[in-house]
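Quick caveat: nothing in here was measured; it's all calculated off a predicted structure.
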Amino acid sequence: MVSGHLFHCRKNSWPPEEYVGRTALQLLDLDGGSPPEQAWRRRLNSHANILKEFSVTFMEAMKMMTLGVRLWSYVREEASHGRKAPIDPFTRERCKPSASQGVPLGGMGSGSISRGFRGEFKNWHIIPGLCENSPVMENQFSIFVSRDSGNKKYSSVLAPGHHEGLKKCNDSGISSWDWNLSGQHSTYHALFPRAWTIYDGEPDPDLKISCRQISPFIPHDYKDSSLPASVFVYTLVNTGRDRAKVSLLMTWANSIGGFSHHSGGHFNEPFIGDDGVSGVLLHHKTAKDNPPVTFSIAACETQNVSVTVLPVFGLSGENHVSAKEMWDTMSKDGHFSRENFNAGCSMPSSSGETLCAAVSASTWVEPHGRCTVAFALAWSSPKVKFQKGCTYNRRYTEFYGTSERSSSINLVHDALTKYRLWEEEIEKWQDPILKDEKLPEWYKFTLFNELYFLVAGGTVWTDGQPPAFGETSPAYQHKHSKKGTKSESVKDNHVKPAAEQVSDGDDPPNGEERSVSMYAAVHGSQMPEQTSGLRSQEPIPYLLSKDGPENVGKFLYLEGVEYIMWNTYDVHFYASFALLDLFPKIELSIQRDFADAVLYEDRRRVKFLADGTSGIRKVKGAVPHDLGTHDPWHEMNAYNIHDTSKWKDLNPKFVLQVYRDFAATGDMTFGRDVWAAVCAAMDYMDQFDRDCDGLIENDGFPDQTYDAWTVHGISAYCGGLWLAALQAAATMAHRLGDRPYAEKYKLKFMKAKAVYEAKLWNGSYFNYDSGTSSNSRSIQADQLAGQWYAASSGLPPIFDEHKIRSALQKIFEFNVMKVKGGRMGAVNGMTPKGKVDETCMQSREIWTGVTYGVAANMLLHGMEHQGFITAEGIFLAGWSEDGYGYWFQTPEGWTTDGHYRSLVYMRPLAIWAMQWALSPPKAILEAPKVNLMDRIHISPQAVRAVGEIGVRKIAPDNRCIPSSTFQCEC
């Protein structure tokens with residue numbers, strides 16, 4: 001843990017008393033109604049500025065012009081097939097991003113809805129890969145208050161009406177509602193997965209109101225954490241002399257964002273459930289043959305709370321009660337007719353018509369009395385369909401079935417009856433960190449709030465069963481074109497699938513595949529030739545992998561909402577600490593998917609947009625960049641800017657992640673299951689060691705996660721990852737009893753380390769690369785990524801400790817402190833003269849996740865002061881009130897003037913690498929006591945050969961890849 005009090009552990013900078021009166025806090029401190037001591041806070045009347053996006057320089061634009069033309073053509077080609085390209089910098093959202101985000105709703109992988117800090121429901125991510133950013137303003141909570149004296153009545157939507165289209169005259173829609181909340185005395189407090197909105201005398205001066213938003217994000221709970229549901233608990237405190245009748249109203253539109261409510265065919269239905277839970281179901285018919293969605297809005301009736309509903313109202317009042325008429329009824333009566341529960345299903349909506357529903361919960365609050373009212377929202381779309389035809393059942397269907405209607409009712413019921421248990425588990429998880437006085441306050445709540453991405457990052461969590469193939473999928477079409485074939489179950493994960501011979505003829509246009517998907521096992525022999533498609537008996541990769549004793553399903557999350565690729569692996573390298581710490585079974589499932597991917601090949605041809613060349617989609621032995629976009633698990637490598645089979649970081653990152661997970665969990669079954677893939681991934685890299693010195697070389701293009709930053713020769717980043725991977729592979733081989741491989745990798749490590757240090761160490765840090773370009777001596781913030789993983793995995797240091805600390809101190813002094821005094825994070829590249837490296841777009845950017853990773857590395861090496869200052873720069877620039885407004889949408893990075901690139905991005909989850917460094921699991925904590933590398937015996941002859949020039953290269957192990965795959969010409 002952290003030793004002693006830190007420099008940044010100053011007085012509380014965000015105490016709740018500065019936002020909410022102390023009296024109100026004391027009065028609301030009932031049943032969790034008062035916000036926590038540590039939280040991210042805003043006033044509801046805070047300005048939500050429009051965010052500023054980065055721009056490229058003239059020289060950068062000229063260099064990328066050809067790429068831009070190819071990318072534009074590819075985007076148009078995908079659009080012609082009704083698909084969105086994974087990377088599309090040309091299409092702009094209708095709703096410009098603003099500094100208005102808040103804690104998202106629901107658990108993981110079942111579709112998400114975000115809620116801004118001012119109360120708007122936005123960023124609808126129900127359909128995989130598609131996000132509708134605009135808020136649906138019909139979705140609101142409102143309040144109506146009348147008192148026994150009869151001379152005081154208050155009514156208002158419980159959100160400021162800061163949105164275009166509101167306050168129109170002569171409108172029968174939502175503009176006719178009372179938008180009386182100024183937000184001056186109302187505040188928002190966020191500590192993911194919960195949020196509190198406190199109304200301190202608004203709209204009724206004698207009524208204190210707390211709305212507590214709760215979602216089931218519970219570490220190590222693989223059931224409730226998958227549920228698409230949230231609860232809103234209102235705590236009401238009457239400080240007046242008169243008894244108050246308070247009616248709370250929840251309104252909801254039959255919509256999944258955008259203009260989806262105009263498509264027609266939607267209908268609503270009231271229901272009365274068990275345990276006093278009642279409300280309205282909103283059945284939504286999605287467009288483009290996507291699976292339907294059923295929303296459930298409900299409240300819990302108790303002895304003191306009465307629940308009524310209005311199943312349908314519209315905006316115009318032509319076919320249904322209008323929004324204005326609905327509001328007038330609530331203002332007058334404070335409730336709806338109970339006869340509405342007998343209304344049955346409404347008529348389906350017509351095109352262009354908006355159907356809405358309302359649930360009212362009414363109660364009396366005595367003078368100086370308190371009352372609690374609970375609402376819940378659930379959205380059930382049990383099936384998730386990808387654009388190329390495959391349909392899966394979501395994880396929660398294991399427990400709630402596949403009926404939209406019944407699952408929605410049961411979800412909202414369980415949410416209202418179990419939310420207190422959820423909160424108990426959440427507090428057990430969070431309290432040890434929140435109560436650790438040695439940690440800076442900003443770090444505590446930012447650590448939890450960055451987890452928003454695991455809900456809002458487009459996550460998909462399936463039940464782990466094989467998909468149903470749609471008629472548009474290649475597999476379905478081929479299956480039905482054959483006669484007399486019958487699917488066979490596959491008992492061995494290494495069954496050799498059929499492969500299609502693909503010629504090297506003409507290149508396909510615009511990056512599109514020319515031939516049908518084929519998967520070939522790395523260790524396979526000659527495969528029977530096919531004309532097209534997957535054979536019906538061909539095993540589907542990934543879905544046949546073992547998930548250990550408990551099947552927790554399959555998990556996907558996007559690189560970012562602007563980069564639509566699932567489980568992007570070079571970025572998961574940084575983000576995976578969060579999953580490993582909180583949901584380790586999901587993390588192991590992801591690693592199994594990639595282990596299977598290493599051993600398969602997809603021979604469809606694609607065009608790579610950076611240079612216009614073509615190649616096969618997935619090369620055997622190479623770790624894929626991602627698991628795909630429109631057909632994940634079956635069509636990998638949606639990224640087609642570069643040929644990632646030539647990237648130098650993916651394979652080492654796979655080996656490092658596998659070893660870290662293996663070491664942290666102690667799961668020997670997992671280790672044995674993925675070992676063949678580790679061997680294959682390591683041996684694949686032999687081809688990049690062209691001078692046989694044990695160290696891989698980069699190829700003069702951006703062949704790593706910094707995909708616009710060219711590297712020549714040996715690089716600090718990729719070379720360091722390779723050294724760490726060699727050490728990890730040797731140690732893992734030793735632990736699994738594979739002595740030949742342990743000796744092989746240790747010998748390579750000894751050779752490569754000497755070369756790496758000789759070529760790159762300059763006395764204070766490691767040069768960017770061994771080339772002769774103008775930036776070869778640049779100080780890269782991420783130069784010690786390999787050492788970071790070695791230390792995080794309990795492995796011995798790759799370099800001498802004084803070199804590690806010297807390089808980290810150099811990064812701190814230059815990349816961190818020379819950029820606005822350390823208030824921005826760590827810039828990726830800095831020249832030795834103390835100027836930002838302007839070589840390319842990415843060298844001059846500050847990457848949020850990389851900064852967190854650098855900070856974690858500093859913590860691992862006793863540099864706590866530097867580590868927290870480095871990471872605090874991300875908080876100050878992204879999350880603080882004086883920053884740029886990136887809360888709950890942390891981007892990949894920003895420029896030194898704060899302009900973002902790629903909002904809602906995966907990599908910032910790397911803040912959990914800091915917590916990993918502060919509180920590593922026992923297995924990692926005790927690992928340094930036993931240096932397994934020292935236990936790997938190497939013959940004296942081999943040790944002598946390390947120092948010899950032209951040492952013979954070790955042949956790859958035939959158990960993983962045929963020896964003919966790689967050849968050394970030394």
Side-chain angles (χ1 to χ4, degrees), residues 10-46 102-103 117-119 141 143 145 147-148 152 154 156 158 181-214 231-246 248 302 304-305 361 363-375 419-420 422-424 426-428 430-431 433-437 441-442 444-445 448 881:
R10 49 183 175 265
K11 77 174 184 68
N12 288 349
S13 301
W14 303 270
E17 293 85 356
E18 291 187 6
Y19 291 79
V20 185
R22 187 177 297 274
T23 300
L25 289 173
Q26 292 173 347
L27 292 172
L28 291 170
D29 192 16
L30 168 72
D31 192 29
S34 184
E37 285 294 319
Q38 288 92 16
W40 179 90
R41 312 185 200 279
R42 284 296 179 276
R43 299 190 187 279
L44 264 61
N45 65 346
S46 298
V103 174
F117 73 86
R118 296 182 302 192
F141 287 99
I143 192 167
V145 184
R147 294 188 175 269
D148 273 352
K152 291 182 180 180
Y154 303 92
S156 180
L158 288 174
L181 197 79
S182 71
Q184 181 179 356
H185 302 290
S186 301
T187 52
Y188 182 82
H189 312 255
L191 187 64
F192 179 90
R194 296 188 291 173
W196 291 254
T197 306
I198 308 299
Y199 306 89
D200 190 1
E202 286 192 278
D204 182 344
D206 293 328
L207 191 66
K208 310 297 184 185
I209 308 168
S210 167
C211 174
R212 188 165 83 258
Q213 173 186 313
I214 308 154
V231 180
F232 306 87
V233 181
Y234 280 85
T235 302
L236 310 170
V237 180
N238 182 7
T239 60
R241 297 179 179 179
D242 300 319
R243 189 173 66 147
K245 181 183 180 182
V246 180
L248 289 162
T302 66
N304 301 316
V305 178
T363 186
W364 285 94
V365 188
E366 298 297 325
H368 307 292
R370 303 177 183 182
C371 188
T372 299
V373 178
F375 291 87
Y419 73 85
R420 287 184 178 85
W422 293 348
E423 289 193 286
E424 288 178 9
I426 291 169
E427 289 169 2
K428 286 179 186 177
Q430 294 184 336
D431 279 356
I433 295 172
L434 296 175
K435 293 178 179 178
D436 189 340
E437 295 182 356
E441 186 182 4
W442 67 264
K444 297 177 189 180
F445 59 77
F448 293 113
E881 201 152 10

[X] [atom1] to [Y] [atom2] distance, which is reported to the nearest 0.5 Å:
X      : Y      : atom1 : atom2 : answer
Ile143 : Leu158 : CD1   : CG    : 5.5 Å
Asp200 : Arg43  : CG    : CZ    : 9.5 Å
His189 : Arg194 : NE2   : CZ    : 13.5 Å
Leu236 : Tyr199 : CG    : OH    : 11.5 Å

Tell me which one of Lys208, Arg147, Arg370 satisfies side chain to side chain contact (heavy atoms under 4.5 Å, CB included) with Asn238. Arg147
Looking only at atom types and distance, does a side-chain atom of [X] sit under 3.5 Å from a main-chain N or O of [Y], one as donor and one as acceptor?
X      : Y      : answer
Gln430 : Phe192 : yes
Ser34  : Leu28  : no
Ser182 : Gln184 : yes
Trp40  : Trp442 : no
Glu202 : His185 : yes

Using 4.0 Å as the upper bound for N to carboxylate O, is an ion pair formed by Lys444 and Glu437? no
Between Glu423 and Arg212 (salt bridge meaning N to carboxylate O under 4.0 Å), is one present in this structure? yes
Atom NZ of Lys245: over 12 foreign heavy atoms under 6.0 Å: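 Counting other residues, nucleotides and ligands, NZ of Lys245 exceeds 12 neighbours.
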Could you tell me if the ring centre of Tyr188 sits under 6.0 Å from that of Tyr19?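 Centroid distance Tyr188-Tyr19: not below 6.0 Å, so no.
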State yes or no: are the ring centers of Phe141 and Tyr234 separated by less than 6.0 Å? yes
